[in-house]
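Lettering of chains follows the sequences in order, A, B, ..., and the numbering in each one begins at 1.
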Protein chains: 2
Amino acid sequence: MPSRRDTIADDLRDRIATGRLNPGDRLPSEAHLAAQYMVSTPTLRNALAVLQAEGLVEKVHGKGNFVRRPVRRITYLGGARTPDTPVVDLAPLSVTARTTKVRARGHLAALLKMPTGSPLTEILCLGHEGERPHSLARIYVPCDLAPAACESLPYEAVVTRLMELRPPLAEVREEISVRLPTSEEASTLRISSALAVLAITRQAADTAGRVVEAALLVLPGDRADAVFTTHHMLDERPAEA
Amino acid sequence: MPSRRDTIADDLRDRIATGRLNPGDRLPSEAHLAAQYMVSTPTLRNALAVLQAEGLVEKVHGKGNFVRRPVRRITYLGGARTPDTPVVDLAPLSVTARTTKVRARGHLAALLKMPTGSPLTEILCLGHEGERPHSLARIYVPCDLAPAACESLPYEAVVTRLMELRPPLAEVREEISVRLPTSEEASTLRISSALAVLAITRQAADTAGRVVEAALLVLPGDRADAVFTTHHMLDERPAEA
DNA sequence: GAGTGGTCTAGACCACGAG
DNA sequence: TCGTGGTCTAGACCACTCA
């Protein structure tokens with residue numbers, strides 16, 4: 001027996017799929033919809049929450065519920081990439097970076113295989129697409145591998161300098177998990193705190209086994225994919241794209 | 001201003017973290033807790049939903065809310081793995097498989113690069129840890145690469161036969177996304193339909209570029225990680241673990 | 001049958017956005 | 001100021017589990 005919430009969500013989803021509701025359209029108010037479907041407002045809101053989690057509907061406080069424009073999905077390219085590929089594929093997007101010095105503690109120290117309290121450079125990156133933030137990255141590198149006085153450099157310059165300072169990488173480990181955003185992440189990314197995010201922990205080591213970078217990436221779950229392509233090493237080694 | 005829901009969730013989370021509530025413990029009933037915190041039952045249930053999404057609390061209909069035993073997280077090993085590594089690391093776990101013949105359609109046909117209607121063998125795998133299901137995999141292979149009459153074979157035998165029939169792989173592409181489970185997936189995995197899952201689409205091709213396997217994996221977001229390790233190809237090629 | 005969670009109701013009050 | 005969504009209330013009724 002499908003719940004009323006799901007019945008309503010299915011109906012609205014169908015309305016969007018068949019073009020009766022178009023991207024950018026404002027939905028009738030929640031009170032209106034509740035009356036149409038003859039349910040209480042909490043029930044209707046639950047139905048909208050389903051669609052919101054699917055990325056079909058966007059709620060804007062004080063304005064209404066809107067059919068989301070089909071956003072290009074963010075693609076995180078993991079693994080087999082050339083060393084100068086940016087951490088997230090931000091091709092036509094803008095990234096703002098802020099660099100600060102912090103000290104390793106807890107999980108972060110373990111990730112970098114450095115003792116607690118070790119000085120680190122944190123590069124906080126926020127990817128934008130138009131007005132809207134859409135990816136958050138915290139990159140940590142040992143201070144000796146960080147560009148000096150780079151607080152004011154633009155993102156591209158920081159990345160370029162990082163690559164120059166860094167020894168060649170031997171191994172990259174990426175761990176992907178799903179979780180709810182912290183409230184800070186939710187407000188930074190302007191997503192609902194109920195929308196799960198893709199959390200990627202990236203650890204890059206040089207040939208000596210030294211961890212030269214740890215990165216914590218947060219991508220909104222409704223529009224992020226992570227893609228890994230592995231070329232198996234056979235007799236012939238395929239060229240990497 | 002933190003909401004009451006978050007205040008309550010924070011308090012319960014703290015009770016768990018500090019050991020005042022221990023794994024396996026049953027929480028007081030929702031009505032009881034609502035009275036303690038002086039909130040209505042929906043508000044209290046929202047607070048529990050937060051903890052449930054974090055994997056700290058498990059709701060069991062008709063029995064109560066329980067502090068979750070720290071479950072071993074499921075680790076999906078992607079990318080750089082030897083060909084005979086199972087799709088999901090199910091080491092001490094049991095897997096049941098069911099094999100049926102289906103026809104490629106829509107997304108699946110595109111994934112396999114086969115025309116719509118092509119015959120496929122579907123291997124439906126359900127990973128168990130004890131009584132509890134914890135991973136769902138749908139593996140599709142062209143019929144000529146599927147073991148004949150394998151409907152009744154155990155999982156391990158099916159996988160072994162698959163590997164024997166399959167040409168060496170050249171490229172594996174894995175796409176990871178976050179979404180809510182379908183109602184079928186939620187009931188099969190016995191998770192709440194509000195708990196996001198890690199959805200992994202795996203596409204394996206042989207040296208000729210033919211797709212020899214497409215797999216759709218669904219892992220519960222509260223206890224699943226996907227790990228990718230890339231050994232960069234430098235002068236010396238590191239041995240694969 | 002007693003107790004539990006699951007769903008839903010019909011409101012109330014507050015916070016936000018736009019005119 | 002008005003309409004919107006955000007949060008919350010104090011119940012009701014149903015479904016499930018277990019004794």
Practice item. Tell me whether the OP1 or OP2 atom of C/dC16 has a side-chain N or O from A/K63 closer than 4.0 Å. Key: no
Review point. With respect to the side chain of B/T41, which nucleotide from C/dG11, D/dG11, C/dC8 is positioned closest?
Key: D/dG11
Check your understanding: D/dC8 C1' sits how many Å from B/I8 CD1, rounded?
Key -> 11 Å
Point to revise | Protein-nucleotide distance (B/E30, atom CD; D/dT17, atom P), rounded to Å | key: 15 Å
Practice item. Provide, to the nearest angstrom, the distance between the CZ atom belonging to A/R45 and the C1' atom belonging to C/dA12. Key: 14 Å
Review point. Do the side chain of B/T43 and the main chain of B/V39 share a donor and acceptor less than 3.5 angstrom apart?
Key: no
Check your understanding: Are any side-chain N or O atoms of B/Q203 and backbone N or O atoms of B/L111, one a donor and one an acceptor, separated by less than 3.5 Å?
Key -> yes
Check your understanding: Which nucleotide in the list D/dT7, D/dT4, C/dT4 gets nearest to the side chain of B/S3?
Key -> D/dT7
Review point. How long is the line joining NZ of A/K59 and C1' of C/dA15, in whole Å?
Key: 15 Å
Practice item. Please report, rounded to the nearest Å, how far the C1' atom of C/dG5 is from the CG atom of B/L33. Key: 12 Å
Review point. Reckon B/R5 has a side-chain N or O less than 4.0 Å from the OP1 or OP2 of D/dG6?
Key: no
Check your understanding: Can A/E54 and B/R179 be counted as an ion pair, charged N to O under 4.0 angstrom?
Key -> no
Point to revise | Residue-phosphate contact under 4.0 Å: A/T43 side-chain N/O, C/dT9 OP1/OP2 | key: yes
Check your understanding: Roughly how many Å is it from CZ in B/F66 to C1' in C/dG3, rounded to a whole number?
Key -> 12 Å
Study note, to complete from the structure: Taken to the nearest whole Å, CG/B/L44 to P/D/dA10 is 14 Å
Exercise for review: Assign each of B/S40 and A/H32 to its nearest nucleotide of DNA chain D by heavy atoms, then name whichever residue's nucleotide is nearer the 5' end.
Suggested key: A/H32
**Study point:** N/O (side chain, B/N65) to phosphate O (OP1/OP2, C/dG5) under 4.0 Å
**Key:** yes
Review point. Cut-off 3.5 Å, side chains only: do A/N65 and A/E58 have a donor facing an acceptor?
Key: no
Check your understanding: Once you round it to whole Å, what is the distance between C1' of D/dG6 and CG of B/N46?
Key -> 11 Å
Point to revise | Donor-acceptor pair between A/T7 and A/D10 side chains, under 3.5 angstrom | key: no
